[in-house]
Number of protein chains: 2
Amino acid sequence: MAKRSALQRGVGVALWRQIADGIRQGIATGLADETGRLPPEAELAQRFGVNRHTIRAAISALAHEGVLRSQQGRGTFVRRQKRLVYPIGERTRFSAGLSDQAHETRSEMLSSSIETAADPIAFALGLEPGDRTIRIETLGNADGVPVSRSTSWFSEARFPGIADVYSRVGSMTEALEACGVTDYRRASTGVEARHADESDTQELQLAPGAIVIVTRAMNSDLSGVPIQYSVTRFPADRVELVIRGDGATFEGPQLGS
Amino acid sequence: MAKRSALQRGVGVALWRQIADGIRQGIATGLADETGRLPPEAELAQRFGVNRHTIRAAISALAHEGVLRSQQGRGTFVRRQKRLVYPIGERTRFSAGLSDQAHETRSEMLSSSIETAADPIAFALGLEPGDRTIRIETLGNADGVPVSRSTSWFSEARFPGIADVYSRVGSMTEALEACGVTDYRRASTGVEARHADESDTQELQLAPGAIVIVTRAMNSDLSGVPIQYSVTRFPADRVELVIRGDGATFEGPQLGS
DNA sequence: CAAAATTTGTGCGTATGTATC
DNA sequence: TGATACATACGCACAAATTTT
């Protein structure tokens with residue numbers, strides 16, 4: 001077993017939170033045994049070099065977050081084990097990529113509105129500043145757990161009723177089909193990562209200090225005309241992106257975790 | 001300007017660090033003016049709703065980190081403004097993608113070693129467990145700032161002298177060429193994000209609590225035979241990935257930052 | 001079935017870090 | 001600069017639930 005990375009004091013991040021992140025990370029790399037049971041608090045305390053109270057604070061945070069569950073006398077157990085793999089490629093779609101990894105995947109529309117296109121979005125969609133766009137907010141679930149939170153823009157002139165259709169069918173692919181787009185492609189995807197802000201922690205049910213992966217995506221129709229610009233936030237501890245993989249993913253080593 | 005996200009007390013992350021992260025994020029979205037000057041501390045204190053001491057602690061941390069520089073009587077200034085865009089596609093290469101964004105990009109070999117292939121890497125490279133691999137550690141720089149930290153594995157049988165060649169030429173593409181690989185393609189890329197650990201903070205010169213984007217990549221030759229497996233860590237506040245973009249990237253809105 | 005060992009839950013005192021005023 | 005309040009972390013002790021002997 002590799003030596004656990006050293007904790008740092010006095011850097012503005014409490015030890016219990018660093019440990020919570022360490023445990024969360026460790027779960028993916030064999031910290032818990034095959035039954036999902038974590039080592040006892042005393043052992044974790046020794047391994048991390050802290051007091052048992054500090055371990056308990058970390059576990060308490062993860063339990064509150066739904067990652068762990070403790071039982072007096074029995075131990076502490078992992079609730080969810082694996083990360084979802086979200087494939088990104090020319091034919092990226094929400095449900096198609098996840099349906100084989102979870103029992104139930106659902107994309108739900110939260111709200112929609114009409115906006116005057118500001119500069120960057122107008123440029124991305126090939127509109128004039130001042131043209132009207134439809135903005136749609138969606139939440140992606142896998143087995144009841146939020147795994148993505150998207151904001152999408154469409155040209156209102158081209159897709160006037162897309163919000164209504166989408167709210168009924170719950171699938172972007174089907175909604176676009178109903179608007180005359182038989183097929184579309186992912187033209188480009190930007191990827192960033194940052195700390196979750198307040199809206200992330202609420203909408204994705206995250207712990208404060210959690211990490212979100214942010215993608216900015218352009219979808220175009222087959223003739224290359226942009227049809228959709230969207231910004232999506234993924235919880236970094238529940239989702240992993242895979243680019244141009246055929247769905248298979250190697251379980252490579254983590255390196256420094 | 002969107003309302004700044006509320007700070008939270010008692011969540012294991014000190015206010016000054018939350019603010020430091022907020023400022024770091026805000027720099028990318030117009031917190032500083034065109035000269036790179038930040039609003040005065042008093043104004044920041046009011047905007048974040050904290051005492052000026054707390055703002056000073058945040059600025060001090062960012063200054064120590066090299067992001068800001070304060071001058072008595074003049075103000076506080078941003079040192080680096082934009083994030084590097086690291087393109088990922090079929091023909092992903094290090095220097096080619098960055099050379100137009102920085103004056104000097106360099107990839108430097110830190111060390112190399114010979115390892116017996118463990119399960120996941122052997123599988124990824126199409127080797128038998130027990131076959132020998134060459135492991136190469138590299139650091140990517142752009143204008144003197146670390147922007148990537150990679151660990152790569154190759155089959156020793158196929159590329160016996162690749163470490164020596166690479167350490168001389170400083171380019172993976174050229175090193176592979178010298179070993180008979182005229183061209184190669186990125187077969188798949190896995191993307192995750194996590195907090196920086198101790199080795200990240202040292203090797204990439206990051207602040208504790210910073211975020212790293214981790215990619216796990218497979219490169220194959222033109223006949224589809226895997227030749228390289230690598231794990232790369234990028235500082236999330238210095239680098240942004242773009243997938244299958246032609247290099248152009250839209251400056252879309254950040255949404256919740 | 002009973003006793004011992006294991007493991008989580010709780011209480012208290014103290015020292016230090018964080019944030020305000 | 002101090003004074004104050006709260007959060008964080010430690011150390012020790014013991015209670016309660018569960019498993020093992």
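Chain identifiers are assigned alphabetically (A, B, ...) following the order of the sequence lines, protein sequences preceding nucleic acid strands; residue numbering begins at 1 within each chain. Since this is a predicted model, take the numbers as computed values, not measurements.
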Short side-chain to backbone donor-acceptor contact, B:R149 and B:P235, under 3.5 Å: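 Side chain of B:R149 to backbone of B:P235: no pair is present.
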Identify the nucleotide, in any strand shown, that forms a Watson-Crick or G-U wobble pair with C:dC1, with both distances under 3.5 Å; if there is none, say none.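 No nucleotide pairs with C:dC1.
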Separation of A:I19 atom CD1 from D:dA9 atom P, in whole Å?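 Taking CD1 of A:I19 and P of D:dA9, I get 8 Å after rounding.
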When the distance from CG of B:N51 to P of D:dA5 is rounded to whole Å, what number comes out?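 B:N51 atom CG is separated from D:dA5 atom P by 17 Å.
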Can you tell me which residue among A:R24, A:R17, A:H195, A:Q25 is in a side-chain hydrogen bond (donor to acceptor under 3.5 Å, both in side chains) with B:H195?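 The single option meeting the side-chain hydrogen bond (donor to acceptor under 3.5 Å, both in side chains) with B:H195 is A:H195.
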Ignoring backbone atoms, test whether A:T54 places a side-chain nitrogen or oxygen under 4.0 Å from the OP1 or OP2 oxygen of D:dC10.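 A:T54 to D:dC10 OP1/OP2: side-chain N or O found under 4.0 Å.
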Ignoring backbone atoms, test whether A:T76 places a side-chain nitrogen or oxygen under 4.0 Å from the OP1 or OP2 oxygen of C:dT7.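 Looking at the OP1 and OP2 atoms of C:dT7, neither is under 4.0 Å from any side-chain N or O of A:T76.
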Write out a two-atom table: protein N or O, nucleotide N or O from nucleotides 10-14 of chain C, distance below 3.5 Å.
unit_1: C:dG11; atom_1: O6; unit_2: A:H53; atom_2: NE2; d: 2.6

Just call it for A:R37: base, sugar-phosphate, or nothing, with non-hydrogen atoms closer than 4.0 Å on any strand.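 The answer is sugar-phosphate, as A:R37 gets under 4.0 Å only of primed atoms, P, OP1 or OP2.
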How about B:Q46: does its CD atom have over 12 heavy atoms from other parts shown lying under 6.0 Å from it?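 No.
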Is there any protein nitrogen or oxygen under 3.5 Å from a nitrogen or oxygen in nucleotides 19-21 of chain D, and what are the pairs?
unit_1: D:dT19; atom_1: OP1; unit_2: A:R74; atom_2: NH1; d: 3.2

Close N/O contacts between protein and nucleotides 1-3 of chain C (under 3.5 Å):
none

Proximal nucleotide (of C:dT8, D:dC10, C:dT20) relative to the B:L15 side chain: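 The listed nucleotide nearest to B:L15's side chain is C:dT20.
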B:A14 side chain, from C-beta outward: closest of D:dA9, D:dG11, C:dT18: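 Of D:dA9, D:dG11, C:dT18, C:dT18 is nearest to the side chain of B:A14.
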